[in-house]
Each structure stands twice: as C-alpha cells, then as structure tokens.
Amino acid sequence: MPAGRPAADVLDELRTLRGADAPTRGGRTFAYVYDAGLDGLDELAAAAYSAYATVNGLDMTVFPSVARLENDLIRSAAALLGAPGTQGTFTSGGTESILLAVKTARDHARAERGVTDPVMVLPSTAHAAFHKAAAYLGVEAVVVPVDPGTFRADADAIAAAITDRTVLVVASAPSYAHGVIDPVAQIAGAAADRGVLCHVDACIGGWLLPYLRRAGREVPPFEMSVRGVTSLSVDLHKYGYADKGASVVLYRDEQLRRHQYFAHAGWPGYPVVNPTVQGTKSAGLLAQAWAVLRHVGEDGYTELARQVAGASDRLLAGLAGIEGVRVLGRPSCGLVAFTLEGAEGPHGEGDLSLLLHLADEMRLRGWYLQPQLRFDGMPPNLHLTLTPATVHQVDALLADLHEALTAARALTPVTVDPGLIELAAAFDPASAPGGETPQLGPDEIAAVLAFAGLGDAEGTGGATALPDRMAPVLVLLDALPASLKERLLAEFVGSIFRI
Ligand SMILES: *Cc1c(COP(=O)(O)O)cnc(C)c1O
C-alpha cells in the first residue's frame, strides 16, 4: 500500500537526472569511470549487488557467506599481489584502504616502538588520501619532492627523511597524477633497513600492472614480495572494473593487520568488532566485486590490459604529433598527463589558461579530460585515464583535440585581477605578518566565488549554479596559496550542497 509515487515514475525521474551527467560508458569520459567494454558485465554486477543488497556485512556470524566471499576475494588479490603470509581486508575504496593502512602503521609503531608523535614520509606525488589520513589520524605528513624530470619519488631523499618518529613510508605504483611508478624496491628496502613499515599505493595500478606484465610489457616489481613492502592498496573499482565501492588493503601478516581492527565491549549494545571504518555495510558491493572478478578471469584481465596498453601507445604517438603538447614523465600504463608549452600569456599564466580553455572546449565536444593544476614546480596538465572502452575512441579524441586546441587559442586568456590576489594573500596564514591572519568571513568568500563566476544564480541564498566553463574558476584557484585554495574549495562544494 505505498502512498508515494509509482515505482516507474521514480525510476523515470532518476534516469532523467542522469542525463545531465557525463556518460560513464562509451569511452569519452577520461576520468572517474572504468569501462571494460564487455557485454553483460554491468548487468552481472547489478544482479550480484541486488542479490546481496539487504545483507549486512557488519556481522559475518549471522551472514557467514560474507566471510566466504571476502576470503575468496582476498585470496585472489593475494595470489596476484601478495607473498606468503599475506592477509587483507575488503574496503569501500582506495581512500578507506589508505586510511586503514595509515591507522595500522600508527598503532603498530605505538605498540611496538613506543612512537607517540607519528610521522609518515610521502613523495610529493602521493595521493591526497594520505594527507586526509594524516589529518584524520593525527599523523604528521613529511613531503619529499620527486625528481623534477621523471616525477618519480627520490628514494635517497625519502631514506634521508626517515627518523625515529617515522611510522610509514609510501611509494606509488603508479602515482595518480603522472602515472609513473616509484622506485618501490629502493624505498621499501630503505624503510626495512630502519625497521619502518612501507605502504605501496597500487590503488590504480594493482589490478593492471601484473596483467600488463602477462601481456608482455615490462613492469618492475612493486608487490608484497618486494623486500620491505608491508602493506599495499588496490582498487577493484578501477582496473578490476567492479562497480564503485570496492578496494582491498593487504598486509604482510595477520599480526600487522590486527592493528587495523577496532573492537569495543564497553557499551550495553552488541559486542562490536569493525575491521573497517564502516559499521553497517551492504554486502552488495563485496558480492558484485566477487562476481566481476570471477567472470572476467585471469585471461580476461590480461586481454583487457593488452587493450589499455594499445590505447595508451596510440594516444602517446598521437599526442607527440600535436604542436606544443608535452607528455609528462614516462607513463607506465593507463594514465597519461600532458601539458602545453609555448607562448606565455599577458600575466605569465598563458599556458594554464590555454590548457583550461582546451579542457572546456573538449567538454563542449563531449570529452572529459581532467585538469590538474600547477604544484611544486610541476606543470599544470590534463589527465586521461584509459580503459578498454577508450581504445576505439583514440583517433576521434585526437581529431577533436586538434580542433579544440585551435578554438582554445582563439579565446581570450583568463586572467586574475592582481588586486584580488593581493587581497587573498592578506588572508593567507603562511604570508600574514606576525601570524595575525584575518579570517575570511562569509561575505568575502561569496565575493571571491562570485568573482570566479560562481555563486547562487538567483541571489536568494540557494545552491550555486555550476558554470559551463571551468577555466575562470581554476585559473583563480591556481593563483591562490594552498591554504586559501582549500578553504575556497570547501566553501564552493558547501555552496553546491545547499538545500
Ligand atoms: C584512486 C586512487 C586513490 C584513492 O582511491 P579512491 O578509490 O578514489 O578513494 C589512491 N591512490 C591512487 C594512486 C589512486 O589512483
């Protein structure tokens, strides 16, 4: 006797809303989505999810099949990436895997080494999730610059940064920003020599690199079998092609993993043991990942890796033929980041402005390339994540890239009012004299957002209308100090989620 709207109506509305989003299938959205291009895979994932949607993964004694599915899945991950003794956990994503690995390292160091003021050593290209973990867990992040030519972590500099307070050292295989693999063996070896744990962030590469190797590509060792690697994260919702909400964190042994678990008996409710961050959790995500892994299979993943490598080769060759385009570093698999070289704009930020205009022009033509801003001497760039579904789109992409670049060059460069930057600097904690920083109030924030073309369209205090072109927003962001960037990003997103 539901008194609300008919199911068909509700579903219709959802489908209509989805029409405003970037497509997640078809190979034109080069970030956020992973499309194996396999017939029937989405339907399988949905059916497996649905079969387990109402099962609560919180209690495996009531729902024992949850333990069976998770053990199967971890066994597959350990067979691909583990070493003798490896144990692991299924999580909701790379961020959760990383949060858990950092918590484990922090608690391990406290218990085994008496470290009470923990530090982790990160290459500057480490994923933002490590900084999130640092902020959530009270671990200080020490950031070590990468090699400015290759964008790979500097193993010697990382080794030199290790102290008695270091609880974890991190290497990426590969990094998200540039898709290059850090020297894992040197970094992990240096950590082991000092008795410090080492996490390999293989969130994006872990389910691709081993299969690229099987497909005949050269891939340096980065797995748990490398001396000194004590934990590793791999996202199944990336190159495992599972639906979103599926990742694995592996540990060298059960004793280490024990520091990840949270147990609590000091309340009147049921006895709590949470291996992960969540309490109640749908077993649907685990079931769909389990089903996708089994259905694609070893040979399937090898073939999909071969397709990604082929797309990457063709894209790199095509980009090399476009005047002014420079690929950053030597990307090892599905990720490619390129920048534009050449004319400086009137305020010196011409390359950035042109690059962002290019991204906007590509978006108008139905492609999403992900802008990445300048950081620590590393050039701004556009980032592409290749999946098997993009294989057949490479030629069309390159053709539109030529056209979009011509269109972008004809546009007026976006510049930021120097007065605004001066004003902003006054609110920057890093540059304020005597540490006395005025706080940005709601009016100043609204003024800065409005300057970037953001702000609530009707002036009624409602939600921010998203702009068609992102270049003005991103050029402004790029010009601001990091702390202010972060503040504005938070205000901006808060203004979108406003009811
Ligand atoms: C995607 C990614 C993460 C974070 O994973 P989420 O699934 O987005 O939470 C961490 N590290 C790397 C290298 C990644 O590519």
Side-chain angles (χ1 to χ4, degrees), residues 24 29-35 73 77 81 88-105 120 122-137 141 143 146 151-153 168-184 187 198-210 212 219 222-223 229 231-250 276-278 281 285-286 288-289 292 308 312 328-329 331-337 368 370 372 375 378 381 383-387 493:
T24 55
T29 304
F30 281 83
Y32 306 121
V33 301
Y34 296 79
D35 184 355
L73 202 142
L81 300 159
T89 302
F90 178 77
T91 78
S92 66
T95 298
E96 189 179 12
S97 289
I98 287 167
L99 280 176
L100 292 171
V102 173
K103 173 197 147 28
T104 299
M120 69 178 146
L122 306 174
S124 56
T125 48
H127 195 277
F130 289 97
H131 295 276
K132 181 174 181 177
Y136 276 24
L137 296 165
V143 176
V146 297
F151 307 101
R152 295 173 76 222
L168 188 67
V169 164
V170 171
S172 308
S175 66
Y176 180 80
H178 309 108
V180 299
I181 303 179
D182 287 338
V184 171
I187 292 170
C198 174
H199 182 84
V200 171
D201 180 6
C203 277
I204 201 154
W207 222 263
L208 181 63
L209 291 170
L212 280 174
V219 173
F222 67 96
E223 298 92 332
V229 175
S231 59
L232 180 149
S233 46
V234 53
D235 290 350
L236 303 178
H237 62 207
K238 289 178 179 160
Y239 287 105
Y241 307 107
D243 280 341
K244 307 267 179 277
S247 176
V248 162
V249 56
L250 297 177
T276 64
V277 174
Q278 291 172 302
K281 56 185 175 186
L285 292 169
L286 174 63
Q288 61 87 21
V292 167
V308 169
S312 171
L328 301 180
S332 56
C333 49
L335 309 177
V336 174
Y368 182 74
Q370 189 175 45
Q372 300 187 131
F375 174 70
M378 296 178 248
N381 58 81
H383 185 276
L384 288 85
T385 303
L386 302 172
T387 67
V493 169

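Side chains included, hydrogens not; waters and symmetry mates left out as well; all remaining heavy atoms used. As the structure lists them, so they are numbered: ligands from 1, and atoms in each ligand from 1. This one's a predicted model, so the numbers in the text were calculated from it and none came from an experiment.
Using a distance-only test at 3.5 Å, with no hydrogens or angles considered, no donor-acceptor pair links the side chain of T125 to the main chain of R152.
Contact annotation: for E96 versus ligand 1, there are no heavy atoms closer than 4.0 Å. At a 4.0 Å heavy-atom cut-off, ligand 1 touches T95 through backbone and side chain alike. Contact annotation: for A129 versus ligand 1, there are no heavy atoms closer than 4.0 Å.
A distance of 6.0 Å separates OH of Y176 from CD of Q372, quoted to the nearest 0.5 Å. Taken to the nearest 0.5 Å, the OH atom of Y34 stands 12.0 Å off from the OG1 atom of T29.
On a distance-only criterion, Y176 and ligand 1 share no N/O pair closer than 3.5 Å.
Donor-acceptor pairing under 3.5 Å is lacking for the side chains of S172 and H127.
Ligand 1 lies less than 4.0 angstrom from a heavy atom belonging to K238. The closest approach between K244 and ligand 1 stays at or above 4.0 Å for every heavy atom of the residue.
Close approach of ligand 1 to I98 (heavy-atom distance below 4.0 Å) involves ligand atoms 10 (C).
Screening S247, S231, S92 for a side-chain hydrogen bond (donor to acceptor under 3.5 Å, both in side chains) involving S97 leaves a single residue, S247.
Looking only at heavy atoms of the protein, atom 13 (C) of ligand 1 is closest to D201 OD2, 3.2 Å.
F151 and H178 have parallel rings, their planes meeting at less than 30° on a 0 to 90° scale where 60° marks the start of perpendicular.
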